Amino acid sequence: MALAKLMQEAGETFTKIFGHQPDYYSSAPGRVNLIGEHIDYCDGLVLPAAIDRYIVIAFRKTDSLKGEICMHSAGNMTEIPLDVELITSEPEWANYVRGIIDGFHNIGYHDIPGFQAYIHSNLPRSSGLSSTSALECCTAHMVEQLIGVQLDKTLKAILCQRAEHSFAGVPCGIMNPYVTIFSKQDHLISLDCRDISSSYLPFPTDELALIVANTKKYHHLNDGSYASRRRQVDDTLSLLEKESWRDVTMAELEARQDDISHLAYKRSRHVIAEIERSKIALAAWNERDYDHVGQLMNASHQSLQHDYEATCYELDVMANIAQTIGHEGGVLGSKMTGGGFGGSTITLVRKDSVRHVMEEIYDKYRIATHQTPMIFCPSIVAGSLTTPAAEV
Ligand code: GLA
């Protein structure tokens with residue numbers, strides 16, 4: 001199994017670096033989101049699922065006052081002092097770890113023991129699959145194990161979200177840490193971001209499958225484009241004198257069109273329409289009307305492309321290829337997933353068409369962009385956890 005293999009690899013490298021074996025492994029999966037994009041910070045409803053691509057941390061408690069931590073893809077060892085107030089610093093990836101430790105300090109856990117840790121992963125970074133949230137959740141599991149507590153799962157998701165806000169500068173919503181922590185095998189999560197309540201929706205694995213198509217156009221959400229979208233919609237909500245986007249109708253927006261800029265109007269139109277689409281998609285999923293869900297995914301991409309302007313050329317090409325294969329070829333719907341501006345699409349397909357659809361997307365994307373995409377058919381897996389080394 002992929003996760004067990006990753007843990008073994010992490011353990012072997014840990015042992016080479018630190019001279020002894022790790023005691024535990026924490027692991028956290030990435031995610032895709034079927035619908036409800038860029039509305040988790042607008043009190044919307046989202047339909048994500050965790051996928052079988054992970055961050056794994058092999059770790060061991062020490063007697064020191066520091067965390068010694070090394071990341072597979074980044075090379076060098078970093079030390080994080082545990083007895084001082086933490087601030088953002090170099091290397092950048094370690095800020096996700098610092099942010100989580102700071103989060104535990106802030107809720108009263110000041111005595112975090114020293115540790116040695118090695119981070120390993122098969123989850124592509126900056127690809128819209130939530131690798132930063134996976135790193136944060138994985139670190140939170142490690143810290144829980146080090147101090148011997150288990151936080152309430154929702155509190156843990158909020159702690160991870162705050163770390164992203166204050167240590168990575170991305171004012172993200174709750175979706176990613178929530179799905180990474182709460183996910184259940186072969187289920188989507190229907191998460192209402194207004195009151196952080198959720199339910200599980202069975203994914204019919206005998207009938208349908210998901211295809212992730214990574215454009216390989218990488219994008220870092222902390223470059224300001226994500227934050228600017230959030231600022232635009234927050235400002236417009238205040239201007240409309242509303243408490244929540246859930247309370248704003250399209251008719252109300254139309255009525256105020258002259259009071260706001262055209263840009264603010266387009267951003268708001270995406271938010272209101274996407275909130276509505278995700279509600280309809282949830283109802284359709286419950287009625288097993290998957291074709292309808294697929295159509296809503298296509299409409300979501302159009303809205304993200306033209307109104308929210310959170311896609312990019314490569315994402316539009318990728319989604320368009322899948323949408324053009326269409327129902328006859330086994331594609332129910334396709335859209336960008338995650339923060340956008342680069343990254344991946346998610347396509348809902350009939351199970352018997354997976355191979356053919358993957359091949360067609362791969363070939364056509366290469367011809368259109370002269371880039372080689374990374375395409376895979378993920379399983380939906382359970383959320384983050386900690387495993388004793390003896391069990392691996
Ligand atoms: C990023 C953020 C999420 C969410 C998505 C877009 O992944 O971290 O909170 O806003 O973008 O749906």
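These numbers were taken from a predicted model, which means no experiment stands behind them. Order of appearance sets the numbers: ligands from 1, and atoms from 1 within every ligand.
Distance check: Thr249 OG1 to Glu276 CD gives 10.0 Å after rounding to the nearest 0.5 Å.
In the vicinity of Tyr41, heavy-atom distances shorter than 4.0 Å reach the ligand 1 atoms 10 (O). The ligand atoms of ligand 1 that sit less than 4.0 angstrom from a heavy atom of His38 are 6 (C), 12 (O). Applying the 4.0 Å criterion to heavy atoms of Met175 picks out, from ligand 1, the atoms 4 (C), 5 (C), 12 (O).
When the side chains of ILVMFWY residues are joined at heavy-atom separations under 4.5 Å, either directly or via intervening members, Leu237 and Met250 end up in a single hydrophobic cluster.
Inter-residue side-chain proximity for His120 and Thr13 is flagged as unmet; no heavy-atom pair is nearer than 4.5 Å. Val248 places none of its side-chain heavy atoms less than 4.5 Å from the side chain of Ser268.
The protein atom (non-hydrogen) at minimum distance from atom 2 (C) of ligand 1 is Tyr226 OH, 3.4 Å.
A salt bridge links Asp247 with Arg194; the closest basic N to acidic carboxylate O contact falls under 4.0 Å. Using a cut-off of 4.0 Å between Lys/Arg side-chain N and Asp/Glu carboxylate O, Lys156 and Glu144 are scored as salt-bridged.
The shortest separation from a heavy atom of Arg230 to ligand 1 is not under 4.0 Å, leaving the residue out of contact.
Counting heavy atoms only, Asn176 comes closest to atom 7 (O) of ligand 1 of the residues Leu129, Val170, Asn176. The closest non-hydrogen atom to atom 4 (C) of ligand 1, taken over Asp40, Ile35, Thr337, comes from Asp40. With Cys193, Gly338, Ser130 as candidates, the residue nearest to atom 6 (C) of ligand 1 on a non-hydrogen basis is Gly338.
When only interatomic distances are considered, the shortest N/O to N/O separation between Gly339 and ligand 1 falls below 3.5 Å. Between Gly173 and ligand 1, at least one N/O pair is under 3.5 Å apart.
With a 4.0 Å cut-off on non-hydrogen atoms, Arg31 touches ligand 1 through its side chain and not its backbone.
Between Tyr24 and His141, the ring centre distance reaches or exceeds 6.0 Å.
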